[in-house]
Amino acid sequence: MISPFLIVALLVAPLAGGLALVLIPRLSAVEIRAFTLVASLATLVFAGILAAQYDWAHSSQMQFEWWVPWVESFGLKFSFGLMDSISLWLVLLTAFLVPVVVLGSWSAVAERVREFHAWLLFLEAAMLGTFVATDLIFFYVCFEFTLVPLYFLIGIFGSEERLKAARVFFLYTFTASMLTFAGVLYVAYFNANLPATLGLPAAGRWTFSIPDLIQAGQRMSPSQQTWVFLALLAGFAVKVPLWPWHTWLPLAHTEAPTAGSVILAGVLLKLGTYGLLRLAIPMTPLAAAQWAPIVGGLALVGILWAALVCWVQRDVKKLVAYSSVSHLGFCVLGMFALNVIGGTGSVLYMINHGLSTGALFLCVGMIYERLHSRDMDQMSGLGRAMPVWASFFVFFALASVGLPGLNGFVSEFLCLLGTFRAVEAYGRGAVVGAHVMAAAAGLGMIGSAIYILYMVGRVVFGPLRLVVFPEESKLAMGMSLESAAVPTVPRGDLSAREILTLAPIALACLWLGLFPAPVLKSLEKPVARITAAAVTEAQKLSIDRLTVGVADVEHMVAAENGRISASEHAGRGIFRKTAGTLLNEAPEAAAEGQGGWRISSGGGRVDSRMNP
Amino acid sequence: MMSGVGEKLVHLWPEMALLVGAVLTAAAGLCTRRRCRALPACLAAVSLGVSGALVLIQIGGLPQLGGGLAGLNLVHYVRLLVVGLGLLLVLVTVNAAEAWSGSEQADRQVGSGRIGGLEQRSGSQVSDHRGEFFAFFLMSLMGVMLVAGAEDLVWLFLALELVSLPTYVMIAISRRPQESSAAWEAAVKYFFLGALSVAIFLYGFALIYGASGSTRLEEIRQLVRRTGPENVPLLLNVGLALAVVGLSFKIAAVPMHFYVADVYQGASAAVSAFLAVVPKTAGFVALVLVLGVLDVDGGARIPGVLGVVLWILAVLSMTVGNTLALLQRSVRRVLAYSSVAHSGYMLVGLLAGVNLSVEQGMLGNGLGGVLFYLMAYGLGVTAAFAVLGSLEHAGWEADDYRAISGLARRSGPLALSMLLAMLSLIGLPPMVGFVGKVYLFGSAVQAGYMALVVVAVLNSAISAVYYLRIAGACYFGAAQEAVEIAAVPSRRVAGMIAGIAAVLLGLLGGPLVEAAGVAAQRRPAAVQTVHMLVRAAEKLQP
């Protein structure tokens, strides 16, 4: 059996590469870059083989499982495997982005090249480890260890305020995830003290196996679930980041070097959403269902608030950074809709956001390398001077906005659709409820179109204007910019290497936009499996809420109770059916664009009609 | 009769090896020729090695270690821990008692500043204290070994004094002439506060004796078994509480923590590492033994008022230690206050006790956690002080953040050791400090101290601030050309060994976790032998 070793190879390749960079003396900068590129490409190849060997028919089952003992007396193992296709997709995303980043920062880093690339490879190993870990502590180990490489990547290679950014980033996320750690310990403790007679495979002994602890966690009492959920949420919400715990993000993203920003936006933030989906929702389903309106509400506030903040940004990089807060809001909103559509959309959103936002950061980095500025007020009309760059930039901006046909659209649409249909999770009220939230999130979409297009308009179109540096500004004092000879961008348009950096991402965006069906199909089963328990709890809760509400109105008790339970039964059946069919339609809807909206509102109306 | 004693003396072989080593080292120190300079340190290392080998023979050899830990108990574990950390500390302290210049002023200071009854060797141009230093070094380590074997309060008291008394001298003679005033100040502070703490825990011991009528821990345990651990006489509780307070000086925990910053700052870095590791180990082992009298049914959590007292001390130690560390400008003072915080974490494990209601595994064995964490903390703090001891600024050992600023550009290995040490002390996975914290906090959860665990993890987060500041200074700051990197290769090696061990033991520390847990559960057997020896010795007397 060679397959388990594929995962080991996947983790070892970047780790060994990083160690080699630390240990091998006397390497020139070019050799280091080439070596890193080879190591990360090797990782990508392993990930590719993994995908080829993957049994897609059983995408919700654990595959390639393997473990080595760690601290056996704690029940700790280094155990890895692909728990389902969600892990595989995120592994692919990570393995894909790192070589791109290496290529993208080929000329950006001139000092301490060795450290830069070693940290980058260690970071890749840690990120991959998080996605393939099946032991909770091993997951936590990798999750936390990502902080160290990024701390150094930001702190050494960032821009002016890098020290503050690195410190804030590390401490904020570390503090939050210490609470997660306490929650993790509690779940393991709960499992260890369950009577072995319950029929759970791991009850009554210390283990940190994620599938075992998920089973055990579902047996916790409501208050226990709430505490554990909040502990897990603490770490993951900061990582995502969920409003109002996002304050570390703009700083870290803006100050980080391009490679750091791309990895941060592309993969690191997904550790948070992945943790929520992998741990919080299945392990504490009742609490997840109870807290869904609040978490969803925070996500919604994040979407709208960050969109507004983006609108007034002058710093291109900061704008893209804030847009991450807004976009990840959609991701969380869809996830906590606690239905298959929202969940699938949310996972797809993780991948899409990683691609398009990562690419936007790369584009901004390329401009910064040339002009040493990210200020929108200081540049415009770059499309004239750098047509190739401008094409890519506009392309990724549109992908990020969610233009039908590109990747962003499908996932954003599914997240909104999932939210719209999430009457169990988000309630059905007229003021606060699934429909209102979906509508408000739709506003966020418009907002994102506004700020992204506004930025594109300022930077790419209009008269060509470049940064005026202080020493030149004296000379150019009396000169109007239009009358000046056409200024030239240093180093001109994109080089072949830079095109090679951006082109694969563009192709991936296009592919995910036009043919998302296979991805969605592979995600459907795992998401259904993960959210199953939470969905059940949400449905129970929603019945409870209604009955309680009705009981308050005494004269309607009898009549209402009868009607509700009947319609609820019917409603759930129809809901399941429509969810399935709509999911299958979604890809076509995506391609049709406007048609998708009609389907969504139609589906919503069906849904609202069947509810009292 | 004699042969019986001889047989029983077998159990003290490791200690005796150290004692013989101490005598030889002191004698070797008399040799003033330059060729002999490294001799005391070498002798100390050799006698530690011999001692370690003897412990391994006692357990039944290395193969036995892998297979089930059959012969291991608390005494063996502590001895091995002492030998391991001792060897590391020898590497760090190799140049600690560097040659004193024979200037008159220095000599006068030497004459007036003597503490602990050293003989003055006036007139010699180079008066070197290596011999005494390493002799005291070995005796202090021997004290820790004896603490672990104590079965009697008097024995425990004497062993604890054997740990402390040499350290007073070591602080005083560890620094070079130009820095010696700081060292003497530190030594005097440490001595007087140490004497105060001794008085307190001796008073506690006296009350325990008064309440139980015996100094033997086993007999006190019998008394507790009769009354039940919840209903022990008030006098016994007060005695135990006083003992805990007194011992908190050794472990540098609240309420006897206030000396720690001044002393760590005043002593040379190498001796500070020694102070952070050795008395703390002795103190915690003593606490395990003394509080063990309440542990009548195979180790439940500490009951009653004493539990509350320890709970408060743990919270205060963590919080006060971390908060004060946060405010310091001097890296040594940071490490000193963080030592208080780490004692707080270990008090959490001590409080949790042994709760192995769960069949498999070691989580729930808080005392095992303490024993393991002593090792984890020892590695981290030794590496940190080894790095600080390798840096000099204007003739003084490095002290503030400026001194380590930009270290990565000047010496990669030193900066890397510092980084690994800091990450391990933060408890960042997968370092050994993380495994230690899982051990301690997991056990505390098992014992039902959830609130305490939350306080502890939040404190870990606070500690990340200053540890990261240190690591960050090494990597991000501007290089300080004024700071010299001292030509002490042994310290650099010690730092690297400790740093790499902190990584490797985090990844491969499974057997050690097991060993610490087993050791914590096997106290009585260990104690028995030493006690029998005491009795045999008593009978020998005419």
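- Residues of residues 499-507 of chain B lying within less than 4.5 angstrom of chain A, judged on heavy atoms, are G506(B), L507(B) in numerical order.
- In terms of non-hydrogen atom pairs under 4.5 Å with chain B, the most contact-rich of Y189(A), F138(A), F145(A), F174(A) is Y189(A).
- Proximity to chain A (any heavy atom under 4.5 Å) is restricted, for M450(B), to the side chain, taken from C-beta onward.
- D135(A) CG to T207(A) OG1: the interatomic distance, rounded to the nearest 0.5 Å, is 6.5 Å.
- Checked against the 6.0 Å centroid threshold, Y274(A) and F131(A) count as a close aromatic pair.
- Under a 3.5 Å cut-off, the side chain of R114(A) and the backbone N or O of L21(A) do form a donor-acceptor pair.
- Between Y467(B) and F170(A), a ring centre-to-centre spacing not shorter than 6.0 Å is recorded.
- Under the rule for a salt bridge (charged side-chain N to carboxylate O under 4.0 Å, His left out), the partners of R112(A) that lie at least two apart in sequence or sit in another chain are E115(A).
- Of the atoms belonging to A408(B), it is side-chain heavy atoms, and not backbone ones, that fall under 4.5 Å from chain A.
- Inspection of the Q215(A) and N191(A) side chains reveals no N or O donor paired with an N or O acceptor under 3.5 Å.
- Contact count against chain B (heavy-atom pairs under 4.5 Å) is highest for Y151(A) among W70(A), Y151(A), F143(A).
- The shortest distance between side-chain heavy atoms of L136(A) and L279(A) falls below 4.5 Å.
- When heavy atoms are compared at a cutoff of 4.5 Å, Y172(A) does not approach chain B at all.
- Contact annotation for L423(B): only side-chain heavy atoms (C-beta onward) come within less than 4.5 Å of a heavy atom of chain A.
- In this structure, F74(A) has its ring center at least 6.0 angstrom away from the ring center of W206(A).
- Heavy-atom pairs under 4.5 Å with chain B peak, among L147(A), V22(A), V141(A), at V141(A).
- Looking only at heavy-atom pairs under 4.5 Å with chain A, the residue among I462(B), L508(B), V438(B) that has the most is V438(B).
- Across every non-hydrogen atom of F80(A) and T134(A), the tightest pair is N-OG1, 3.8 Å.
- Contact annotation for L419(B): only side-chain heavy atoms (C-beta onward) come within less than 4.5 Å of a heavy atom of chain A.
- The residue among G510(B), A471(B), G412(B), G509(B) with the most heavy atom pairs within less than 4.5 Å of chain A is G510(B).
- Looking only at atom types and distance, the side chain of Y186(A) has a donor-acceptor partner in the side chain of Q224(A) under 3.5 Å away.
- Checked against the 6.0 Å centroid threshold, F476(B) and F152(A) count as a close aromatic pair.
- Only the side chain of L163(A) comes within contact range of chain B, with at least one heavy atom under 4.5 Å from a heavy atom of that chain.
- When ring centroids are compared, F181(A) and F434(B) come within the 6.0 Å threshold.
- Only the side chain of V148(A) has a heavy atom closer than 4.5 Å to any heavy atom of chain B.
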